[in-house]
Asker: 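Dumping the structure here so I can ask a few things about it.
Scope of the values below: all heavy atoms of this structure, side chains included, with no hydrogens, waters or symmetry mates.
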Amino acid sequence: MLTKKQSELLRFINERLKESGVPPSFDEMKDALDLRSKSGIHRLIIALEERGFIRRLPNRARALEVLKLPESSTPANARGGRFAPSVIEGNLGKIRTPAVPPVGNNDNVVIPVMGRIAAGVPISAIQDHSHTIALPPDMLPSGEHFALEVRGDSMIEAGIFESDLVVIHRQDTAETGDIVVALIDDEEATLKRLRKRGASIALEAANPAYETRIFGPDRVRIQGKLVSLIRKY
């Protein structure tokens with residue numbers, strides 16, 4: 001399934017190819033989707049290519065081929081209500097820690113596992129709420145929480161590996177040095193260490209193979225802070 005912006009871009013490219021046989025330029029795509037920069041279009045194209053919806057043809061400028069369209073014309077994020085960040089297709093904006101009875105004889109806290117998050121090049125997590133996990137309350141601060149499965153290796157020097165389950169405290173602010181779920185341009189999500197550099201925000205990997213990315217404050221929204229990690233051996 002695709003996010004709303006991914007679906008909109010795919011339809012726009014497909015319609016332009018049918019009309020003229022030539023894909024739209026990055027500027028045309030940016031204007032059509034009302035994005036601030038062409039970098040957002042670049043990330044959307046990468047996501048569509050990785051998911052097998054389009055193919056970039058080599059040695060040809062602006063050469064895109066649509067390989068398939070979604071089975072449903074309704075974008076995955078078009079669910080009504082307030083904006084649902086693409087980090088979680090299950091609508092992070094409405095997550096509440098489930099009010100459930102204690103598990104077993106312990107007053108465990110039950111939290112939802114909401115999909116996958118990139119610890120690498122930002123991607124969209126595209127899985128719905130799949131199941132829940134129960135954790136002892138002393139592992140968590142007070143407040144709302146959700147969990148995500150890690151994809152990628154950009155945080156390995158912080159002890160976060162592929163397939164780890166990160167537990168996130170839902171909050172929209174964080175301090176320099178915190179590991180956060182960050183939403184870039186209201187479209188792509190990633191797990192990175194936050195650094196504040198004057199008026200700018202840096203998202204820092206914990207792997208020298210990945211560069212630190214710096215954004216204006218209006219391009220990044222904090223979705224939550226890492227508070228715990230679960231690993232299966």
Asker: Using a 4.5 Å cut-off on heavy atoms from C-beta on, say whether the side chain of Gln223 contacts that of Leu148.
Answerer: no

Asker: Got a sec, which hydrophobics cluster with Ile156, joining ILVMFWY side chains under 4.5 Å apart, including via others?
Answerer: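 Besides Ile156, the cluster holds Phe161.
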
Asker: Do Val227 and Met139 touch side chain to side chain, with heavy atoms closer than 4.5 Å?
Answerer: no

Asker: Kindly state each residue pair satisfying ring pair (Phe, Tyr, Trp, His ring centres under 6.0 Å) with at least one member in residues 169-199, sequence neighbours excluded.
Answerer: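 Listed by first then second residue: His145-His169.
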
Asker: Are the side chains of Arg213 and Ile184 in touch, meaning some heavy atoms are under 4.5 Å apart?
Answerer: yes

Asker: Do you know the tightest heavy-atom contact between Leu194 and Glu175?
Answerer: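 Smallest heavy-atom distance, with atoms named: CD2-O, 3.8 Å.
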
Asker: What residue pairs, at least two apart or across chains, pass salt bridge (charged side-chain N to carboxylate O under 4.0 Å, His left out) with a residue in residues 222-233?
Answerer: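 For residues 222-233, and leaving out neighbouring residues, the salt bridge (charged side-chain N to carboxylate O under 4.0 Å, His left out) pairs sorted by first residue read Asp164-Arg231, Asp178-Lys225.
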
Asker: Is the shortest side-chain heavy-atom distance between Val110 and Ile133 below 4.5 Å?
Answerer: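 No, side chains not in contact.
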
Asker: Which pair of non-hydrogen atoms, one from Ala47 and one from Gln6, has the smallest distance, and what is that distance?
Answerer: CB-NE2, 3.4 Å

Asker: Charged N to carboxylate O below 4.0 Å: is that the case for Glu162 and Arg151?
Answerer: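 A salt bridge links Glu162 with Arg151.
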
Asker: Can you see which heavy atom on Pro23 is nearest to which on Arg16, and at what distance?
Answerer: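 So the two residues come closest at C-CG, 4.2 Å.
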
Asker: Are Met114 and Ile168 packed together at the side-chain level, in the sense that at least one heavy-atom pair is separated by less than 4.5 angstrom?
Answerer: no

Asker: Is the closest side-chain heavy-atom distance between Val150 and Leu229 below 4.5 Å?
Answerer: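 No - every pair of side-chain heavy atoms lies 4.5 Å or more apart.
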
Asker: With the threshold set at 4.0 Å, does a side-chain nitrogen-carboxylate oxygen contact exist between Glu204 and Arg195?
Answerer: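 Result for this pair is yes, salt bridge flagged.
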
Asker: Between Arg43 and Asp185, does any NZ, NE, NH1 or NH2 come within less than 4.0 Å of an OD or OE carboxylate oxygen?
Answerer: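 Salt bridge: yes.
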
Asker: Please check if Leu69 and Met29 belong to a single hydrophobic cluster, counting links between Ile, Leu, Val, Met, Phe, Trp and Tyr side chain heavy atoms closer than 4.5 Å.
Answerer: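 Hydrophobic grouping puts Leu69 with Met29.
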
